[in-house]
Engineer: 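Can you read through this structure? Questions will come right after.
Here the structure is a predicted model, which means the values were calculated and not measured.
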Amino acid sequence: MKESDKKFVENWERIKSQGKAKYITKHGVGFGIIVFALNTVLSYWGNWGQMSNADFFVQLFISIVVGGGIYGAFSWFLNDFIYRKKLKEG
C-alpha cells in the first residue's frame with residue numbers, strides 16, 4: 001500500500017470512529033453554507049431589496065438540510081467505499 005493510501009486509511013478510521021452523524025453534520029453544514037452563499041449571491045446580486053426574510057430562511061434551510069445532508073451522506077459512503085477498497089488491495 002502506498003504511503004498516501006496508508007494516510008487515507010488511518011485518517012478515515014479516525015473520522016469513522018467519531019460517527020456518521022457527526023461527519024454528515026460537520027461536512028454537510030459546511031457545504032450547505034457555501035451553497036447557500038453562492039445561491040444567494042447569484043440570485044440576488046444587485047437586487048438585494050427583493051429578497052424577503054421568508055426567501056432567506058427557505059433557501060438557508062434547503063441549502064443546509066437538503067443539499068448539505070445529501071452531500072454529507074454521499075461523501076461518507078464514497079469515502080467508506082474507497083476505504084474498504086484500499087484495505088482489500090492491502
Engineer: Between the main-chain N or O of Leu60 and the side-chain N or O of Ser63, is there a donor-acceptor pair closer than 3.5 Å?
Structural biologist: no
Engineer: Report yes or no: do Ile24 and Phe74 belong to one cluster of Ile/Leu/Val/Met/Phe/Trp/Tyr joined by side chain heavy-atom distances under 4.5 Å?
Structural biologist: yes
Engineer: At their closest point, which heavy atom of Phe8 faces which heavy atom of Asn79, and how far apart are they?
Structural biologist: CZ-O, 3.7 Å
Engineer: Using the rule that two of Ile, Leu, Val, Met, Phe, Trp, Tyr join whenever any of their side-chain heavy atoms come within less than 4.5 Å, decide whether Val41 and Phe57 are in one cluster.
Structural biologist: yes
Engineer: Between Phe36 and Phe56, does the ring centroid distance fall short of 6.0 Å?
Structural biologist: yes
Engineer: Against Tyr83, only a single residue in Ile15, Leu78, Val9 fulfils side-chain contact (heavy atoms from CB on, under 4.5 Å); can you say which?
Structural biologist: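 Going through the options one by one, the only one that passes is Val9.
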Engineer: Using a cut-off of 6.0 Å, state whether more than 12 heavy atoms not belonging to Lys16 lie near its atom NZ.
Structural biologist: yes
Engineer: Are Val65 and Leu38 linked, directly or through other ILVMFWY residues, by side chains that come within less than 4.5 angstrom of each other?
Structural biologist: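 No.
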Engineer: Looking at Trp12 versus Tyr23, is the centre-to-centre ring distance below 6.0 Å?
Structural biologist: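 Yes - the distance between ring centres of Trp12 and Tyr23 falls below the 6.0 Å cut-off.
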Engineer: Taking all non-hydrogen atoms of both residues into account, name the closest pair between Thr25 and Ala21 and its distance.
Structural biologist: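 Heavy atoms only, the tightest pair is OG1-O, 2.8 Å.
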Engineer: Would the distance check show the side chain of Ser17 and the main-chain N or O of Arg14 forming a donor-acceptor pair, the cut-off being under 3.5 Å?
Structural biologist: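 It does hold such a pair.
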Engineer: For Trp76 versus Lys20, what's the shortest heavy-atom pair and its separation?
Structural biologist: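 Closest approach of Trp76 to Lys20: NE1-CE, 3.4 Å.
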Engineer: What's the separation between atom CD in Glu89 and atom CG in Asp5, rounded to the nearest 0.5 Å?
Structural biologist: 7.0 Å
Engineer: If you round to the nearest 0.5 Å, how far is OG of Ser75 from CZ of Phe31?
Structural biologist: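 Atom-to-atom, Phe31:CZ and Ser75:OG are 9.5 Å apart.
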Engineer: How long is the straight-line distance from NZ of Lys86 back to CD1 of Ile82, given to the nearest 0.5 Å?
Structural biologist: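 Those atoms lie 7.0 Å apart.
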